[in-house]
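In what follows, chains carry the letters A, B, and so on, assigned in the order in which the sequence lines appear, proteins first and then strands, with residues in each chain numbered from 1.
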Number of protein chains: 2
Amino acid sequence: MRTTPNVSVDVVLLSLHQGKLQVALHRRARGPFQDCLALPGGYVHVDKDGSIEATAYRVLKQKTGLQPRYLEQLRTFAGPQRDPRGWSVAISHVALMPYEELRQAGDEVFHFHDVDGLPDLAFDHAEQIREAVRRVCNKASYSTLPCWLLPELFTLTQLQRTYEQIFGETVSRSTFRSRLGIKVAEAHPGESADQADILLATDQFQGGSQRPARLFRVNQLSLFKRACW
Amino acid sequence: MRTTPNVSVDVVLLSLHQGKLQVALHRRARGPFQDCLALPGGYVHVDKDGSIEATAYRVLKQKTGLQPRYLEQLRTFAGPQRDPRGWSVAISHVALMPYEELRQAGDEVFHFHDVDGLPDLAFDHAEQIREAVRRVCNKASYSTLPCWLLPELFTLTQLQRTYEQIFGETVSRSTFRSRLGIKVAEAHPGESADQADILLATDQFQGGSQRPARLFRVNQLSLFKRACW
DNA sequence: ACTCTTAGTTGAACTTTGCAACTATCTGAG
DNA sequence: CTCAGATAGTTGCAAAGTTCAACTAAGAGT
């Protein structure tokens, strides 16, 4: 019989906390890289997994009990060196979640670490995280991807802060709003749920001790015309 | 022993011919989908392949005797259904080559087909091609990717035609040139091989029976600021 | 020398962007 | 009740970038 590589799925679960992108890591209980920090991951179970995404969701469910709001295949990392047990294939994914949802799951198993200044990690997980962060940062520059790091309803200022934290620099308020095609005046809620609208205005507001800010909901993953801020 | 899925590598090799994107296909000699058209692909050989890219290059070398000028991982297609023999993993790649180089290899084994209007293909290869074309078209809109469909040296008009054929619509000449940041006046060859330059001007010209056009070489894969034409 | 054709440049109209000043709406203190 | 403070949201304009068309350049063939 021909030998075939081991196939596993890894998930780079990212969230935004304390103004930084953070990644979910756990400490390996056994096997190679014992006691080392690692990404959540697991082997494909050919008897019960109906797809790769199913494997990714199963792994996350087992470890955290939660479903991420956003999941996307990142890239497949493979080769003879990445696992001391031999040729292996890791189908890496990026997942995004608002931090509030993660807190509810408790952090007995998982801990969140800033994506920069990480300690040594198992396998090629450091490289996977680097590439995941690059993908998110890149995609944030031309799409509404960062919306999935926030709760379902959010204010424009919250979203702007999210972009700023991903980029690590401030963005102009009017640039931000025009990039998102905000035109609240006409786009009153209940009216035309326009397919072209990037964000959907709700009729709910979030009031602090100032003028309340309108809450928005993301329509779908939309792309901007420009990719630079 | 735990069962593990089969792992193979597929390559969507694209080229531009007769004003259309074309894909390399061969007819399967055996196995599932016998006599069906299929992408070049093969199993990972854990004893001789040093990486996934090595597998992809080996497969192409075996079939065509050529190295593509551009190779990039596309996405991993996996699941219990795509191969009748059971759970399988196909790490799909996109490769680009100028058509002239392909002609030299002869077409006993491979044939080129327009990417639209394809007949039934083996496995999920139709989906892989759809996604590869989408990736190329998308990446063409904001990068110099199409340069790898041309010979090493090319004229601006050739490159413009390449973009137009990928998009399926004409682009304005000045839009095209300003998007590429052409400023031949200062960028005379031999001078500053500026890292920021998208294209590098050579001092060679290609003359037809009109004014000869300067030949350019691509510097590196560069990204544009705007993503729409 | 003249014409035809394609290459490459220039400049002006138009559009988009980015900043700053302005108005709006809430809370809480006096 | 009013006013100050704070954040939300709008508007208008200057600067920068984009697109188009008209112009010049350079070769080949007649």
Side-chain angles (χ1 to χ4, degrees), chain A residues 141-143 150 153-164 167 169-189 191 196-217 222-229, chain B residues 19 141-143 150 153-165 167 169-189 191 196-217 222-229:
Chain A
S141 68
Y142 64 87
S143 79
L150 289 174
L153 299 182
F154 49 83
T155 68
L156 290 181
T157 304
Q158 285 171 351
L159 183 57
Q160 184 179 340
R161 295 285 168 273
T162 303
Y163 275 94
E164 290 173 341
F167 296 149
E169 56 189 28
T170 60
V171 311
S172 145
R173 199 155 47 116
S174 18
T175 304
F176 175 74
R177 292 170 109 94
S178 73
R179 196 70 55 93
L180 288 165
I182 300 299
K183 33 170 188 177
V184 180
E186 310 102 71
H188 272 312
E191 274 181 32
D197 284 339
I198 292 178
L199 295 184
L200 299 176
T202 69
D203 51 1
Q204 294 173 263
F205 289 81
Q206 172 175 304
S209 58
Q210 316 85 18
R211 171 173 176 172
R214 187 183 287 271
L215 289 169
F216 286 80
R217 173 199 316 279
S222 327
L223 308 181
F224 307 145
K225 290 184 186 174
R226 294 202 60 173
C228 64
W229 294 72
Chain B
S141 69
Y142 64 87
S143 80
L150 289 175
L153 299 182
F154 49 82
T155 69
L156 290 181
T157 304
Q158 285 170 352
L159 184 57
Q160 184 179 340
R161 295 285 168 273
T162 304
Y163 275 93
E164 290 174 340
Q165 288 163 1
F167 296 150
E169 58 189 27
T170 61
V171 311
S172 147
R173 197 156 49 114
S174 13
T175 304
F176 175 74
R177 291 171 110 95
S178 74
R179 196 70 55 93
L180 287 164
I182 302 298
K183 34 170 190 178
V184 180
E186 311 101 71
H188 272 313
E191 273 181 33
D197 285 338
I198 293 179
L199 296 183
L200 299 176
T202 70
D203 50 2
Q204 293 173 264
F205 290 82
Q206 173 175 304
S209 59
Q210 314 86 18
R211 172 172 177 175
R214 186 184 287 272
L215 289 169
F216 286 80
R217 172 199 317 279
S222 328
L223 307 182
F224 307 146
K225 289 185 185 175
R226 293 201 61 172
C228 64
W229 294 72

Distance, rounded to the nearest Å, where [X] contributes [atom1] and [N] contributes [atom2]:
{"X": "A:L215", "N": "D:dA8", "atom1": "CG", "atom2": "P", "result": "11 Å"}
{"X": "A:Q206", "N": "D:dA6", "atom1": "CD", "atom2": "C1'", "result": "15 Å"}
{"X": "A:Q160", "N": "D:dT7", "atom1": "CD", "atom2": "P", "result": "13 Å"}
{"X": "A:F176", "N": "C:dT16", "atom1": "CZ", "atom2": "C1'", "result": "18 Å"}
{"X": "A:L180", "N": "D:dG9", "atom1": "CG", "atom2": "P", "result": "13 Å"}
{"X": "A:L159", "N": "D:dA8", "atom1": "CG", "atom2": "P", "result": "13 Å"}
{"X": "A:F154", "N": "D:dA8", "atom1": "CZ", "atom2": "C1'", "result": "16 Å"}
{"X": "B:R177", "N": "D:dC23", "atom1": "CZ", "atom2": "P", "result": "19 Å"}

Value rounded to 0.5 Å, distance of [atom1] in [X] from [atom2] in [Y]:
{"X": "A:C228", "Y": "B:R226", "atom1": "SG", "atom2": "CZ", "value": "9.5 Å"}
{"X": "B:T202", "Y": "B:L153", "atom1": "OG1", "atom2": "CG", "value": "5.5 Å"}
{"X": "B:R177", "Y": "B:T157", "atom1": "CZ", "atom2": "OG1", "value": "6.0 Å"}

(request) Assess whether one donor atom and one acceptor atom, taken from the side chain of B:R226 and the base of D:dG17, lie less than 3.5 Å apart. (result)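 No, the side chain and the base share no sub-3.5 Å donor-acceptor pair.
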(request) Please state whether the base of C:dC19 and the side chain of A:S174 form at least one donor-acceptor pair under 3.5 Å? (result)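 It does, because a donor-acceptor pair links the side chain of A:S174 to the base of C:dC19 below 3.5 Å.
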(request) Return yes if some donor-acceptor pair links the side-chain N/O of A:Q160 with the main-chain N/O of A:V171 below 3.5 Å, else return no. (result)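 Pair found, side chain donor or acceptor close to backbone of A:V171.
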(message) Of the options C:dG18, C:dA7, D:dC20, whose atoms approach the side-chain atoms of A:S172 most closely?
(response)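 Among C:dG18, C:dA7, D:dC20, the one nearest the side chain of A:S172 is C:dG18.
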(request) Return the nearest nucleotide to the side chain of B:P212; candidates are D:dG27, C:dT25, D:dT10. (result)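 Among D:dG27, C:dT25, D:dT10, the one nearest the side chain of B:P212 is D:dG27.
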Please determine whether a side-chain nitrogen or oxygen atom of [X] lies at a distance below 4.0 Å from atom OP1 or OP2 of [N].
{"X": "A:R211", "N": "C:dT27", "answer": "no"}
{"X": "B:R214", "N": "C:dG8", "answer": "no"}
{"X": "A:R179", "N": "C:dG18", "answer": "yes"}

(message) Can you classify the ring geometry of A:W229 versus A:Y163 as parallel (below 30°), tilted (30 to 60°) or perpendicular (above 60°)?
(response)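 Answer is tilted, since the angle falls between 30° and 60°.
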(message) On DNA chain D, compare the nucleotides closest to B:C228 and B:R173; which residue's is nearer the 5' end?
(response)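 Residue closer to the 5' terminus by nearest nucleotide: B:C228.
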(message) Taking any heavy-atom pair under 4.0 Å as a contact, classify B:T157: base, sugar-phosphate, or nothing.
(response)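 Sugar-phosphate, no base atom in range.
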